[in-house]
Visitor: 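Got a structure for you, written out below as structure tokens; questions coming shortly.
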There are 2 protein chains.
Amino acid sequence: MEIPQKEDILKRFPQFEQTLLDEILAHSTIRHVEEGEEVMRTGQYIRSTVLLLSGLLKVYREDDEGNEFLMYYLEPGSACALSMMCTARNEQSQIMAKAVTESEVILIPSHLSEQWLAKYKSWHNFVIASYRQRFEELLQTLDSIAFKGLDERLLFYLKRHVKVSGKEIRLSHQQIALELNSSREVISRLLKKLEQTGAITLHRNYIEVHDLEVV
Amino acid sequence: MEIPQKEDILKRFPQFEQTLLDEILAHSTIRHVEEGEEVMRTGQYIRSTVLLLSGLLKVYREDDEGNEFLMYYLEPGSACALSMMCTARNEQSQIMAKAVTESEVILIPSHLSEQWLAKYKSWHNFVIASYRQRFEELLQTLDSIAFKGLDERLLFYLKRHVKVSGKEIRLSHQQIALELNSSREVISRLLKKLEQTGAITLHRNYIEVHDLEVV
DNA sequence: TTCCAAGTGTGATAATAGTCACTGCCAGCC
DNA sequence: GGCTGGCAGTGACTATTATCACACTTGGAA
């Protein structure tokens, strides 16, 4: 795999000013992560700001009993807001980021990203915008958990998944159950119901989405 | 009620630099809100940044059917992060802020608070810190909804309430049920159980908290 | 080719939370 | 003092989701 060049970064982050791009290239490291690999976990020692160059990350919460649930996905061109804001936390639950597909991330040392806030207007705006966007997404997730039944949450989940990775959802029922903090049997049953409405077709290890809006 | 002076603001926001305080005094309005009055609602036309000078606000989510649930409380010296970050939203659910007790808020026109981000380092830091803090709190709320049963959520709720307004919780079971998006009967039963453990004593319209940690 | 592990389907049962119906209770007001 | 409205307590029932037990399928490894 070739090393990403300035042009690649520029393409993903066109809003950054020239000098900022130079600094990024000079001081940050690029890391290649395999599918399923862990990118970040709160409470870690070294803290870097994480920018996503290519691939797809999922950011989720995990409690002390190993339950998880999905917070949101990160697409190329976005930053993990949490990597910028999390202080050392000794809570029971952790925020984790894991690669959904093979990905490339830019790791920026925290002290630099802090400095840049004052130094580069485009960086400042980017950080503020990231916070806003993640906050919004988190609120949506919160909504669906607080107000909706599992059936609607599943629908919300599927829609979100389609948005980031297309109409062929390559997940087992077990994985979906995990991300929704539910159980496989329940998800299987709900998916079956969805199939009966014609919204999806079930296959082994993947789901073919036709139209989720009609449901 | 006397008009708050520079000293009052300074006391609540000691981290602000002198010139910023002057700008705040010059360009923002102070509003007095009664208990139960609505301070903010997303989707409103005029957008201001809201700082809390005195009193207590609760920030909560409300869906289209009138269900709500509490996101967090705001204490004097803090800002409503949402007022700083919410773009016009036409979602079904809204974020609301309401005064729990009689309060005073500072309303800063949005365009100024935007400008100040670049102009005043202390303002910039304050905004970033607010985002972080609210994000953290929101995550805690999310955790309790996603991973815990209603009994633990109630406990979490009571603890939080004690932290902001003391051991005499002046709320009816109905109000608590509303904030947890549950129903009165269920809350009554859970409270009764808590009373049996000795953690609280129930009275009409208020709850006396002894020790929530032992449960 | 056979076999096995992982994925999926399904019924029975349990646990949690929400709803309904009704009772009693207390506080302030006439 | 007696009425009344909001608050609280309780039992019965329902709905949703989780859990358990087991059968069946499928795709790839041995």
Side-chain angles (χ1 to χ4, degrees), chain A residues 35-36 63-70 141 143-158 161 168-197 199-209 215, chain B residues 35-36 63-70 141 143-158 161 168-197 199-209 215:
Chain A
E35 178 174 334
D63 82 350
D64 43 0
E65 282 145 31
N67 303 308
E68 18 178 296
F69 76 82
L70 179 71
T141 303
D143 264 10
S144 72
I145 300 184
F147 297 131
K148 320 263 185 187
L150 196 50
D151 48 352
E152 282 192 77
R153 283 176 56 205
L154 176 60
L155 218 48
F156 175 70
Y157 174 85
L158 293 176
H161 210 281
E168 296 226 330
I169 300 181
R170 310 212 150 267
L171 292 170
S172 69
H173 300 180
Q174 180 61 256
Q175 286 173 287
I176 297 175
L178 199 65
E179 301 210 326
L180 291 171
N181 193 36
S182 175
S183 62
R184 183 193 59 80
E185 298 92 317
V186 176
I187 297 299
S188 278
R189 282 192 256 262
L190 290 175
L191 284 173
K192 184 112 299 222
K193 259 197 241 168
L194 272 182
E195 186 176 40
Q196 278 157 16
T197 70
I200 60 177
T201 308
L202 298 176
H203 305 268
R204 187 188 178 81
N205 263 319
Y206 82 98
I207 299 168
E208 195 185 334
V209 175
V215 188
Chain B
E35 178 175 333
D63 82 348
D64 44 359
E65 281 144 34
N67 304 308
E68 13 177 303
F69 76 82
L70 179 71
T141 303
D143 264 8
S144 72
I145 299 184
F147 296 131
K148 321 262 185 188
L150 195 50
D151 49 352
E152 283 192 76
R153 283 176 56 204
L154 177 59
L155 217 49
F156 175 70
Y157 174 86
L158 293 176
H161 211 280
E168 296 226 330
I169 300 181
R170 310 212 148 269
L171 292 171
S172 69
H173 299 181
Q174 179 61 63
Q175 287 174 284
I176 296 174
L178 199 64
E179 301 210 325
L180 290 172
N181 194 34
S182 175
S183 62
R184 182 192 60 80
E185 296 92 319
V186 176
I187 297 298
S188 278
R189 283 193 257 261
L190 290 175
L191 284 173
K192 183 112 301 217
K193 259 197 239 167
L194 271 182
E195 187 176 38
Q196 279 157 16
T197 70
I200 60 175
T201 308
L202 298 177
H203 304 269
R204 187 188 179 78
N205 262 320
Y206 81 98
I207 298 167
E208 195 185 333
V209 175
V215 189

Visitor: Assign B/Ser172 to base, sugar-phosphate, or nothing according to its heavy-atom contacts below 4.0 angstrom with the strands shown.
Guide: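 Touches sugar-phosphate only.
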
Visitor: Starting at the 5' end of DNA chain C, which residue's closest nucleotide do you reach first, A/Arg189 or A/Asn205?
Guide: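 Checking each residue's closest nucleotide, the 5'-ward one belongs to A/Asn205.
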
Visitor: Take atom CG of A/Leu202 and atom C1' of D/dT26, then tell me their distance rounded to the nearest Å.
Guide: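 Result: 15 Å.
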
Visitor: Contact class for A/Asn181 vs. all strands (heavy atom < 4.0 Å): base, sugar-phosphate, or nothing?
Guide: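 Sugar-phosphate, no base atom in range.
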
Visitor: Mind listing the closest non-hydrogen atom pair of B/Ala146 and A/Asn181 along with its distance?
Guide: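 Shortest heavy-atom contact: O-ND2, 3.1 Å.
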
Visitor: Which heavy atom of A/Ala177 sits nearest a heavy atom of A/Ser183, and at what distance?
Guide: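 In this case the closest contact between A/Ala177 and A/Ser183 is CB-C, 3.5 Å.
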
Visitor: At their closest point, which heavy atom of B/Glu195 faces which heavy atom of B/Leu202, and how far apart are they?
Guide: OE2-N, 2.9 Å

Visitor: Does a nitrogen or oxygen in the side chain of A/Ser182 sit under 4.0 Å from OP1 or OP2 of D/dA18?
Guide: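 It does, given that an N or O in the side chain of A/Ser182 lies less than 4.0 Å from OP1 or OP2 of D/dA18.
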
Visitor: Less than 4.0 angstrom between a side-chain N/O of B/Lys192 and OP1 or OP2 of D/dG9, yes or no?
Guide: yes

Visitor: Specify the separation, in whole Å, of atom CD of B/Glu185 and atom P of C/dC20.
Guide: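 Taking CD of B/Glu185 and P of C/dC20, I get 9 Å after rounding.
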
Visitor: Find which nucleotide of DNA chain D each of B/Tyr206 and A/Gly149 is nearest to by heavy atoms, and output the residue with the more 5' nucleotide.
Guide: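 Here B/Tyr206 is the residue nearer the 5' end.
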
Visitor: In whole angstroms, how far is the C1' atom of D/dT19 from the CD atom of A/Gln174?
Guide: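 Going from A/Gln174 (CD) to D/dT19 (C1'), I get 13 Å.
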
Visitor: Separation of B/Lys148 atom NZ from C/dA15 atom C1', in whole Å?
Guide: 19 Å

Visitor: How far apart are the closest heavy atoms of A/Phe147 and B/Asn67, and which atoms are they?
Guide: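 Taking A/Phe147 first and B/Asn67 second, the nearest heavy atoms are CE2-CB, 3.5 Å.
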
Visitor: Would one find a side-chain N or O of B/His173 under 4.0 angstrom from OP1 or OP2 of D/dG9?
Guide: yes

Visitor: Kindly indicate whether the side chain of B/Arg204 and the base of C/dA27 share any N or O donor-acceptor pair separated by less than 3.5 Å?
Guide: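 Result: no qualifying N/O pair found.
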
Visitor: When rounded to the nearest 0.5 angstrom, what is the spacing between CZ in B/Arg153 and CD in B/Glu179?
Guide: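 Output value for this atom pair is 11.5 Å.
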
Visitor: Hey, does the side chain of B/Ser188 come within less than 4.0 Å of D/dT10's phosphate (OP1/OP2), counting only N and O?
Guide: no

Visitor: For the base of D/dG9, is there a side-chain donor-acceptor partner from B/Arg184 under 3.5 Å away?
Guide: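 Counting by modelled atom types and ignoring angles, a donor-acceptor contact under 3.5 Å is found here.
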
Visitor: For the pair made of CG in B/Asp151 and C1' in C/dA15, what is the distance, rounded to whole Å?
Guide: 12 Å

Visitor: Nearest whole Å is fine: how far is D/dT25 P from A/His203 NE2?
Guide: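 In whole Å, D/dT25 P lies 18 Å from A/His203 NE2.
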
Visitor: Atom CD1 of A/Ile145 and atom P of D/dT17: how far apart are they, to the nearest Å?
Guide: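 Rounded to the whole Å, the gap is 13 Å.
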
Visitor: Expressed in angstrom and rounded to an integer, what is the separation of B/Ile176 atom CD1 from D/dA8 atom P?
Guide: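 Atom CD1 in B/Ile176 sits about 8 Å away from atom P in D/dA8.
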
